[in-house]
Amino acid sequence: MTAANAPRRWPFWSAAAATRVAALVTEPDGLKSWPHPEIKGLEKKFAALHGARYGLFLNSGTSALAAAYFGLGLLPGDEVLVPANTFLATVTPLFACNLVPVLCDADPVTGLLDLADARRRIGPRTRAIAVTHLWGTPMDPIALRAFATEYSLAVVEDCSHGHGTRTVAGPVGGDADAAAFSMGAAKTVTGGTGGMLLTSRQDVYERAILLGLPMKRAVTDVTLPQHEGLAATGLGANLRGNPMCAVLAADHLDRLPEILATKNANLRVLEELLAESSVLAPPARPEYWTAGTRFGFKAAVRPELIGQIDRNAVVAYLKTHGAPVSGAPGPLLHRRRLFHDRSALTGYHPGRPAVELDVDPEGYPAADRIQEAMVTVDAELLHEPAPALLRTFARALAGLDRELDRLVLAHGVWT
């Protein structure tokens, strides 16, 4: 594969979206009116797609998660079960709400929050569970709902990797007390920046508005008696999304079936190649997952080779032979200072609850094993037909199979 025939890197948008964004700049009050019609249209369409009553367009997925936690109305010191194997913003907004994150280990097959491990970590202050549909693979919706019902827990779904993802129970996020979608960076539906909060609970929706939306939105939509007199002030945070970003995100949302189909065609070839590899295995595909795509593609060193070859040697070989791969993302949450150093926020953030976080860096072995075996394929190159790239992968994987004995003997030292 050469630069000349490499596929475009996601994201890219239609010419119609570019024209509409350019028009906003020249229209009178094109970026000023609130609630902006482009934003309201995106919210309505997004909520309807997921079977939710309310949608709220914000400036990032992180803001959507913060609004979700704030919207639940939990009390300082309440605990929320969260995955250790996730992006930090799934968890860090809890600190600003004076809530306590309780990290849970990963399911060894899917990499998602392990409900059996979560059950062992429930305490008298546990009030909610937050799950991430990590890299696009959804949580088991039936098991999650049964777990939450058993312990009377609110459910927050981080759907930032799950645009278009459906399970046997329907679209991800639609049944949650609150769900957050990122629309930033290279997400499947992206406005460059942006995020969406979904909920069917009026109390969650109104509290989220009071946290970070302008008065014009609040005086119209905030109507519950407990919020009387608050619409004019809220809490003063400005978390609203930008109309131009809403136009770009709507472009992807309107073309989502086409986007998913193109990427999935590439992923099917990649998964077939990995199924034949003696070194790497494709990621799991749970039976309850019915539609969507892998936002990120995470292969893994086959279990029988763990301890015999070094993942970094595999990555080095594939990169040398033209395959765009890397290892795992940075350290998991249980290995970061924020989660086991009581002084980490002292002096610059008042939100951390006055409790000792009981996080043992060695207490999440399944998540660690997943991290150590992970080989990341650059999935941003898979959003248009990519025959040259897939041929490169096929050659690189075939060569890796031929060199397996040497890799084992070198035990991770590739020369």
Side-chain angles (χ1 to χ4, degrees), residues 61-107 112-134 139-141 143-160 173 175-180 197 199 201 203-204 207-208 211 332-346 349-367:
T62 302
S63 292
L65 283 158
Y69 292 132
F70 182 82
L72 292 178
L74 303 180
L75 299 177
D78 284 347
E79 296 180 352
V80 181
L81 301 169
V82 294
N85 184 26
T86 188
F87 181 61
L88 58 92
T90 309
V91 179
T92 49
L94 290 168
F95 293 126
C97 295
N98 290 296
L99 301 174
V100 182
V102 177
L103 299 182
C104 301
D105 206 358
D107 179 279
L112 307 175
L113 184 147
D114 184 352
L115 292 175
D117 185 71
R119 189 181 301 273
R120 293 189 288 269
R121 300 177 189 270
I122 288 177
R125 295 299 301 270
T126 306
R127 298 290 183 268
I129 180 170
V131 300
T132 304
H133 304 299
L134 192 64
M139 280 286 295
D140 182 336
L144 175 60
R145 179 49 60 186
F147 183 89
T149 300
E150 180 181 355
Y151 293 100
S152 300
L153 303 178
V155 174
V156 175
E157 295 184 35
D158 183 350
C159 307
S160 296
D175 192 41
D177 292 276
L197 172 72
T199 184
R201 287 178 47 176
D203 60 331
V204 172
R207 282 178 59 86
L211 172 67
L332 297 175
L333 297 187
H334 58 281
R335 297 197 174 276
R336 293 184 181 273
R337 178 188 171 198
L338 184 63
F339 294 91
H340 49 78
D341 180 356
R342 190 184 177 99
S343 68
L345 288 176
T346 301
H349 197 300
R352 185 162 187 161
V355 297
E356 192 70 56
L357 289 181
D358 186 18
V359 175
D360 176 6
E362 305 302 325
Y364 305 85

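Computed from a predicted model, the values in this text were never measured in an experiment. Note: hydrogens, waters and symmetry copies are ignored here, and every other heavy atom, side chains too, is used. Along the sequence shown, the residues carry numbers beginning at 1.
Between Leu94 and Thr92, every side-chain heavy-atom pair lies at or beyond the 4.5 Å cut-off. The closest side-chain heavy-atom distance from Val156 to Ile129 is not below 4.5 Å. Between Val82 and Cys104, every side-chain heavy-atom pair lies at or beyond the 4.5 Å cut-off. The shortest distance between side-chain heavy atoms of Phe95 and Val100 does not fall below 4.5 Å. No side-chain heavy atom of Arg127 sits under 4.5 Å from any side-chain heavy atom of Val80. The shortest side-chain heavy-atom distance between Leu81 and Phe147 falls under the 4.5 Å cut-off.
Taken to the nearest 0.5 Å, the CG atom of Leu88 stands 11.5 Å off from the CG atom of Leu332. Atom OG1 of Thr199 sits about 11.0 Å away from atom CD of Glu157, to the nearest 0.5 Å. Here the CG-CZ distance, from Leu74 to Arg125, works out to 10.0 Å after rounding to the nearest 0.5 Å. Once rounded to the nearest 0.5 Å, the distance linking CG of Leu153 with CD1 of Ile122 reads 5.5 Å. One distance of note links SG of Cys97 with CZ of Phe70; it measures 7.0 Å at 0.5 Å rounding.
Among residues two or more places apart in sequence or in another chain, the side chain to side chain donor-acceptor pair (under 3.5 Å) test is passed with Arg335 by Glu362, Asp368. Looking at residues two or more places apart in sequence or on another chain, you find a side chain to side chain donor-acceptor pair (under 3.5 Å) between Asp107 and Thr110. Qualifying side chain to side chain contact (heavy atoms under 4.5 Å, CB included) partners for Val359, counting only residues two or more places apart in sequence or in other chains: Leu103, His334, Phe339, His340, Leu357, Tyr364. Shown here are the side chain to side chain contact (heavy atoms under 4.5 Å, CB included) partners of Ala146, two or more places apart in sequence or in another chain: there are none. With sequence neighbours left out, the side chain to side chain contact (heavy atoms under 4.5 Å, CB included) criterion links Ala208 to Leu56, Ala67, Leu197. Residues passing the ring pair (Phe, Tyr, Trp, His ring centres under 6.0 Å) test with Phe87: none are found, sequence neighbours excluded. Scanning for side chain to side chain contact (heavy atoms under 4.5 Å, CB included) contacts around Ala180 gives Ala64, Leu65, with sequence neighbours left out. Applying the side chain to side chain donor-acceptor pair (under 3.5 Å) test to Arg201 and every residue at least two apart in sequence or in another chain returns Asp177, Asp203. Taking the side chain to side chain donor-acceptor pair (under 3.5 Å) definition, one finds that Ser160 meets it with Asp158, sequence neighbours left out.
Residues Val91 and Pro101 approach most closely at CG1-CB, 3.5 Å, considering heavy atoms. Between Arg121 and Val102 the shortest heavy-atom distance is CB-CG1, 3.8 Å. Shown here for Pro93 and Ala66, the closest heavy-atom pair between the two residues is CB-CA, 3.8 Å. In terms of heavy-atom proximity, Ala68 sits nearest to Ala178 at CB-CB, 3.7 Å. Of all the heavy atoms in Met139 and His133, the pair that sits closest is N-ND1, 3.1 Å. Nearest heavy atoms, Thr86 versus Leu134: CA-CD1, 4.2 Å.
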### Message
Checking Tyr151 against Thr126 for the side chain to side chain contact (heavy atoms under 4.5 Å, CB included) test, could you report, in this order, the C-alpha distance in whole Å, the side-chain angles of both residues, the deciding distance, and whether it holds?
### Response
CA-CA 9 Å; Tyr151 293 100; Thr126 306; over 6 Å; no
#### Entry: Full working for side chain to side chain contact (heavy atoms under 4.5 Å, CB included) between Leu112 and Thr132
CA-CA 7 Å; Leu112 307 175; Thr132 304; over 6 Å; no
### Message
Assess the residue pair Leu115 and Leu113 against the criterion (side chain to side chain contact (heavy atoms under 4.5 Å, CB included)); give the C-alpha distance rounded to whole Å, side-chain angles, the decisive distance to 0.1 Å, and a yes or no.
### Response
CA-CA 6 Å; Leu115 292 175; Leu113 184 147; 3.7 Å; yes
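The salt bridge (charged side-chain N to carboxylate O under 4.0 Å, His left out) pairs that include a residue from residues 146-155 are Arg119-Glu150, where partners are two or more places apart or lie in different chains.
Between the side chain of Asp78 and the main chain of Leu75, a donor-acceptor pair closer than 3.5 Å is present.
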